[in-house]
Undergrad: 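The structure's right below; bear with me while I get my questions together.
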Amino acid sequence: MLDVKLIRENPELVRQGLLNKNAKDIVSEVLAVDEERRQLILRTDELKSKRNQVSAKIPQMKKAGEDTTLLLAEMKLVSDEITQLDITLREKEEVLEEILRYTPNLSHSSVPVGKTAEENVETKQWLPEGFSFENDFKPLDHIQLGKKLKILDFERGTKISGSGFPLYIGKGATLERALINFMLDYHLQHHGYSEVMPPILVNRESMKGTGQIPKMEEDMYLIEKDGLYPIPTAEVPITNIHRDEILTEKELPVKYVGYSPCFRREAGSYGKDSKGFLRVHQFNKVEMVKFVKPETSYDELELLVKDAEDILQALKVPYRLLLLCTGDLSFSAAKCYDIETWSPAENKWLEASSCSNFEAFQARRANIRFRREETKKPEYLHTLNGSGLATSRLMISILENNQTPEGKIVVPKVLQKYTGFEIID
RNA sequence: GGAAAGGUGCUAGAGUGGUUGAAUAGGACGGUCUCGAAAACCGUUGUAGGGGCAACCUUACCGAGGGUUCGAAUCCCUCCCUUUCCGCCA
């Protein structure tokens, strides 16, 4: 959520920022409603103040034996007026809230201006030793490999639940679990995160806090009977750990890493890039979330990206880094890097991680603050999160990049102690 | 699922219609004392909105939302949550 004060004080800045993000210009509307709102507050506060004064006087008058009938009648009218004005005021506030909830975050000045994904900027490419984009043999894709080696069974997954619910079998299941454990351990041992295992069903407030609702509501599963949402990412429960809290300056940065399954309806995205693991309703992800002081958040973003990269380098998976342009940034993000891993069979890059700085956008929504020792005043902190990483897309790259001409899979060295086997055949 | 109790400030815990933003205790912070510390004593210790250059003024908030009233933490209604006991169960 954007700060109304920012809009009030820097309308042109906000206007340009929204334009860069391909978003609707709501500045004039917000300013108008905000002005009305403040006028109403002025008015009601004055009346309430009067009411409070008179109400304090009444018991004294009664004690002195004075007649209060007239005064009571008069105050009744004042109270009625307050009730009416309060209703109008609340309507204005709801309008304002509604506009702001649907308005995306502004991007950081270091983000390239652009309309679509075409204008994202590749900032880095990392290829393992001996890697080549040219193949000596025609690589099988992950679906063919999964079927041949009996490690992935998309048909039966469909039978059990529907399309987009992958079933891992045998060494495939073990490999998946190994990958999750490896990533968690790596972040814990090398990057200083604390592990969390969050609830997978969350309430509406939590979904609002991180910005999935109301804008992305259609893409979320909902268990209506209990009003609970299966999480689309562990970002939701983990960020909401500190909802409505004031942290101390000393404890920042707070860094969490957690594994969870993720559920996405992917409404309306059928057809394109939807086979196998490319687009699924349920997948596994290790997520990193940070709560940091505002002045450090962009340094923390670079570190966050590095944390994700370390995993890929350890696994020897070829990847590249994209700095998203303003138009391709997600709703809540101020700056974001995507990490894409290479799929030799698809012959293209696949997004496996997204690392974002939300600045105070989520913190304002979820009311997460910290108290500076110097000023003693509560202040919104900055939140960041990044996948570290999502397993399904990563699994595509691992399977395809480690296949032998015979169609076997060599398990990456760092995973072998987790799997207990070195080869899948 | 059945029954009961309860939700108040950083915490514990009073308060059942009128200077109560809220007693008291603990914690934290500052001070006195001390070579230093402890103890003791004194003081400070909410958040948000609005107005003002500022000192400051003002409004709201005692789980959430409604209602009664000139006036609600206190009375009434609805909802949510927590705890305990019973049942069921991984």
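The figures here come from the full heavy-atom set of this structure, side chains too, leaving out hydrogens, waters and symmetry mates. Residue numbers start from 1 in every chain, and the chains themselves are labelled A, B, ... in the order their sequence lines are given, proteins ahead of strands.
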Undergrad: With distance as the sole criterion, do the side chain of A/D45 and the base of B/rG51 form a donor-acceptor contact below 3.5 Å?
TA: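 Side chain to base: no pair present.
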
Undergrad: What verdict does the ring-ring contact (aromatic ring centres under 6.0 Å, His included) test give for A/F154 and A/F277, after you've listed the backbone C-alpha separation in whole Å, the side-chain angles of each residue and the deciding distance to 0.1 Å?
TA: CA-CA 9 Å; A/F154 291 102; A/F277 270 142; 5.3 Å; yes

Undergrad: What would the secondary structure line of RNA chain B be in dot-bracket form, counting Watson-Crick and G-U wobble pairs under 3.5 Å, with [ ] for pairs that cross earlier ones and | for pairs with another strand?
TA: ((((((((.[[[..)..(.....]]]((((((.......))))))((((((....)))))).[[[[[..)....]]]]])))))))....

Undergrad: Name the residue closer to the 5' end of RNA chain B, choosing between A/K48 and A/R8 according to the nucleotide with the nearest heavy atom.
TA: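 Closer to the 5' end of RNA chain B: A/R8.
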
Undergrad: Check A/E81 with A/R43, please: is the shortest side-chain N to carboxylate O separation under 4.0 Å?
TA: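 Salt bridge: yes.
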
Undergrad: Whether A/K335 engages the ring of A/Y298 as a cation-pi pair (distance to the six-membered ring centre under 6.0 angstrom, angle to the ring normal within 45°) should be assessed.
TA: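 A/K335 over A/Y298 ring: no.
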
Undergrad: Would one find a side-chain N or O of A/R371 under 4.0 angstrom from OP1 or OP2 of B/rU47?
TA: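 Yes, because at least one side-chain N or O of A/R371 sits under 4.0 Å from OP1 or OP2 of B/rU47.
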
Undergrad: Would you please name every residue forming a side-chain contact (heavy atoms from CB on, under 4.5 Å) with A/V33, sequence neighbours left out?
TA: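 Only A/K92, A/V95, A/L96 meet the side-chain contact (heavy atoms from CB on, under 4.5 Å) criterion with A/V33.
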
Undergrad: Run the numbers on A/E295 and A/R372 for salt bridge (Lys or Arg N to Asp or Glu O under 4.0 Å), then give the verdict.
TA: CA-CA 12 Å; A/E295 61 270 27; A/R372 249 183 234 284; 3.0 Å; yes

Undergrad: I need the minimum non-hydrogen distance between A/L415 and A/L315, along with the two atoms involved.
TA: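 That closest heavy-atom pairing would be CG-CD2, 3.7 Å.
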
Undergrad: Using heavy atoms and a sub-4.0 Å distance, could you list which residues of residues 59-69 of chain A are near RNA chain B? By number, please.
TA: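 Heavy-atom contacts with RNA chain B come from A/P59, A/K62.
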
Undergrad: With a cut-off of less than 4.0 Å, is there a side-chain N or O of A/R369 near OP1 or OP2 of B/rA48?
TA: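 So the side-chain polar atoms of A/R369 do come within 4.0 Å of the phosphate oxygens OP1 or OP2 of B/rA48, strictly under.
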
